[in-house]
Amino acid sequence: MSASWRIGRRSFVDLLLGGGVIGSVVSFLYPVLKFVMPPAVAEAMDQSVVAGKVGELPPNSGKIFKFGRRPGLLISTPSGELRAYDGICTHLNCTVQYRSDFGHIWCACHNGHYDTSGKNISGPPPRPLERYTVSIRGDDIVVSRNS
Amino acid sequence: MMRAGLTFLLMTFAGVALGQDNCLDCHRELEDPAALAMSEDVHAQASVSCADCHGGDRTIETEGDYQLAMDPNKGFIGVPDPGDIPQLCGRCHSDASYMHRFDPNLSVDQVAQYWTSVHGQRLREGATDVAQCASCHHAHGIVSAKDPRSPVYPTRIPETCGACHADPEHMAAYGIPTDQLSEYRAGVHGRALFDRGDLGAPTCNSCHGNHGAAPPGVTSVSLVCGTCHGVQKELFAASPHQEAFDAIDEPECESCHGNHNIEAPTDDFVGVGDEAICMTCHGEGEPAYGVAATVHEEISNLKGAMAAAREVVDRAARAGMEVSEADLGLIDANQTLVESRNLVHAFAVEPLREKVEEGLALATTAREMGVAALAEVDYRRKGLALSVFFILLLAVGLYLKIRQIEERE
Amino acid sequence: MLSSLGERVFHWLDERLDLQPIQRFVREKSVPSHRYSWCYFFGGATLFFFMIQVATGVLLLLYYKPTAEAAFESVRFIMTEVSFGWLIRSLHSWSANLMVLAAFLHMATVFFMRAYRKPRELTWYTGATLLLLAMGFGFSGYLLPWNELAFFATRVGTDMAGKVPLVGRFLLEFLRGGEDVTGATLTRFFGFHVAVLPMMATALILFHLLAIQRQGMSVPLSQKEASTTNAGMPFFPNYFLRELMGWAIALAILAALASLFPWELGEEADAFAPAPAGIKPEWYFVFMFQTLKLLPATVAGVEGELVGLLAFGLAGLAWFFVPVLDIRSSREEPSRWLTLMGVAALLFIAIMTLLGYVMP
């Protein structure tokens with residue numbers, strides 16, 4: 001190699017350069033390495049979420065869960081069957097709830113009633129609630145929707 | 001000969017046993033529209049014959065012998081008199097054990113109800129242009145009210161009633177307005193029924209009754225509205241307006257919302273502005289004026305807070321930030337807005353203010369989340385800008401290195 | 001310490017691969033030193049941005065989903081959930097634009113220095129094709145986030161392609177994967193963007209670089225005297241360090257742009273929504289877009305847009321085949337009129353681009 005290429009004594013410039021190169025390499029490698037490791041939630045939350053744990057809901061009860069940007073309603077019917085629906089009332093977009101005393105779904109805003117199949121049975125709601133698919137994956141209750 | 005005779009006997013026997021309807025056969029051949037319509041008729045399908053209503057002998061089959069068939073001595077009445085129709089239909093339709101054979105679910109009080117109605121009363125007095133059974137159900141080709149082809153299917157009821165009630169000439173003698181149908185069409189219920197196909201929306205019979213049709217009395221309008229709009233009804237009943245309206249005999253819901261052309265309510269209905277209905281009765285200086293103004297202001301504040309939060313959150317979302325928690329918060333805030341609008345019917349400040357405060361808190365939280373997300377965008381930008389500095393430092397280092405090398409040469 | 005390690009590695013490889021010829025070449029490689037030597041940086045800058053695109057593109061590939069239902073959400077996921085996803089994405093979007101800009105500047109300096117003249121015609125042809133590929137990369141990549149702007153810009157762009165005479169219909173359906181812009185278009189553009197175009201670009205770049213190594217750097221006619229008086233600058237380490245410095249500055253510009261103007265996610269595409277106002281293609285297409293908008297409905301009885309497309313087509317052909325058309329430079333003679341035409345073309349492009357943004 002030519003003489004100009006051999007680095008002799010450590011000069012300030014070499015230090016600066018060496019430090020700069022290492023700093024740059026690290027500051028590039030660090031984000032890249034963090035990027036390639038998958039985040040805690042491995043997939044976009046849009047199509048399916050874990051809505052609860054098996055056994056969490058006794059029969060004739062329900063709970064609201066977060067499904068992307070909308071609330072969802074997970075219910076356990078009086079006979080113990082798990083069902084899930086879009087939690088937004090089809091009337092004026094209030095959030096519905098499960099009423100154990102009725103044994104079906106209800107909206108507080110204008111007294112809209114939906115049966116446990118999500119069908120609008122009384123009051124102002126014009127359409128049934130959108131139904132989601134419920135599956136059990138080990139201990140988790142997974143709710144998914146098809147776009 | 002034996003064969004022909006046997007065939008004749010068999011046919012007659014079969015005809016009698018199966019209720020053969022020669023009236024129908026003959027009239028079909030004549031292409032009588034009434035007869036042709038009977039192919040889809042519930043009565044025909046139940047083997048009810050023309051003769052069962054019109055009288056006469058249905059067994060006469062020879063073509064030329066129609067006088068034998070249409071014989072007044074055998075009960076033939078021809079086209080029934082309008083005044084006689086309710087009794088005619090009622091012969092079967094008011095007989096519970098008879099109807100039980102055909103449709104156990106069908107009620108049998110229609111005729112009784114009909115006599116209580118304005119139509120029934122006028123018919124008894126001798127009017128010939130009021131509605132009776134055949135006017136709405138027609139006579140031939142009757143299908144179940146649950147069948148969309150029926151003139152009394154929910155989406156067709158307005159036009160059926162409107163056939164008379166929207167005709168100024170027809171109604172001239174009675175002095176009733178004829179704008180109800182057009183008003184109804186323009187209102188929220190009409191639009192729900194016709195534009196969105198919402199069969200839950202009320203039609204003429206929902207408020208006026210069908211067989212016992214009569215204009216509802218002043219108190220009963222709101223009781224009827226209250227069967228669907230229960231929340232508002234309950235609030236109203238507990239409000240100062242209930243007593244006040246009862247005292248001056250004002251219809252409750254109708255006074256502000258109308259009856260046929262029920263407009264979609266806006267937030268400007270309540271308040272002290274130009275469109276405010278409160279100002280129809282209340283004037284400046286009254287306590288009610290202050291209540292109206294405050295209620296309007298509270299709701300406007302909530303809407304404003306929600307809109308401001310929405311704007312910030314949307315900006316953050318467009319920039320690519322995660323804002324689903326904020327979205328859920330705004331959905332909850334929207335619920336409080338809907339409930340606040342219900343609480344207008346309490347005509348008082350307090351319960352409404354509480355609900356609005358709830359909503360304001362939710363909107364504020366959502367807005368703060370949006371602001372935090374935008375701050376994160378800013379933070380990242382500053383971080384990147386810092387990296388620019390370091391990269392330039394590297395460039396400077398390289399430059400110095402070049403100088404160093406070339407000075408040596 | 002590091003250098004002795006380097007020497008040991010070099011020696012180990014040399015024993016097996018005989019690296020002496022390469023070593024000699026690198027030691028002797030020199031870059032002409034003259035007034036316009038700074039123009040030589042643009043080619044390397046283009047390559048630098050391309051390498052950033054490949055790296056960030058591969059990283060994005062780990063998370064991106066190329067279907068109409070999932071694309072937008074996957075990009076949102078990258079930007080919100082994946083560590084530094086927002087950074088990788090912003091870098092990719094910005095470096096794309098810088099790559100096209102650098103390619104264009106590189107082409108312009110090559111043009112004005114007549115570097116395409118004999119014996120470097122093939123380098124020009126591969127380079128011109130690479131510029132077109134870069135624009136293809138940009139057009140196909142722009143659709144991939146499947147947001148509103150991209151969806152409608154793609155629709156407009158492919159509409160224009162459909163107006164080419166004779167082959168327009170075929171071209172439109174080939175690009176769109178159907179009659180209209182749909183999920184099929186997205187899948188197809190994804191295939192172009194990550195497989196077809198990279199394959200073609202890699203092959204062409206390799207040829208382009210090999211040809212340069214083989215032939216050395218071209219010197220503009222006006223500088224031929226000046227450059228023969230000096231031996232030029234050794235590539236290693238002098239020019240190389242300068243190139244690195246240039247790349248560091250390019251990187252700084254990239255980071256500055258990504259931080260000052262972070263790339264937005266936008267809103268998800270909705271085919272049935274009306275087109276938002278002011279849809280424009282990417283900036284490197286704006287001059288064509290604006291010209292076509294300004295042309296009258298008919299020109300001498302022929303549809304205005306058709307005339308525009310034909311004019312651009314002819315101009316494009318002339319530009320591509322300039323080594324053939326510029327007879328004077330093949331004779332090593334200057335030609336002022338070609339320089340003037342080049343300047344005029346640049347001004348036209350600049351003014352039309354400006355108008356495209358300024359006019360409603």
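Chain letters run A, B, ... following the sequence lines, proteins first and then strands; every chain starts at 1.
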A/F102 atom CZ, over 12 foreign heavy atoms within 6.0 Å: yes
Exceeds 12 heavy-atom contacts within 6.0 angstrom, atom CZ of B/F269: yes
Beyond-backbone contact of B/V323 with A/R69, side-chain heavy atoms, under 4.5 angstrom: yes
Smallest separation among heavy atoms of B/S324 and A/G68, with atom names: CB-O, 3.4 Å
B/R367 atom CZ: more than 12 heavy-atom contacts under 6.0 Å: no
Exam field: side chain B/E339 to backbone A/C109, donor-acceptor pair closer than 3.5 Å: no
Leading residue by heavy atom contact count with chain A [cutoff under 4.5 Å; candidates B/V231, B/L400, B/L328]: B/L328
B/E325, part contacting chain A, at a heavy-atom distance under 4.5 Å: both
Over 12 foreign heavy atoms within 6.0 Å of CZ, B/R403: no
Side chain to side chain contact (heavy atoms under 4.5 Å, CB included) evaluation trace for B/V338 with A/H91: CA-CA 11 Å; B/V338 173; A/H91 177 223; over 6 Å; no
Reported SG-to-CD distance for the pair A/C107 and B/Q335, which is rounded to 0.5 angstrom: 6.0 Å
Rounded distance [0.5 Å steps], CD1 in A/I22 versus CG in B/L394: 11.5 Å
Contact winner vs chain B - A/N93, A/N111, A/N120, A/T95, heavy-atom pairs under 4.5 Å: A/T95
Within 6.0 Å of CZ in B/F194, more than 12 heavy atoms from elsewhere: yes
pair A/I88-B/I331: side-chain heavy atoms closer than 4.5 Å: yes
Segment of B/A333 engaging chain A (4.5 angstrom heavy-atom cut-off): neither
A/S24 portion near chain B, given a 4.5 angstrom heavy-atom threshold: side chain
Cationic N near anionic O, under 4.0 Å, B/D327 to A/R70: no
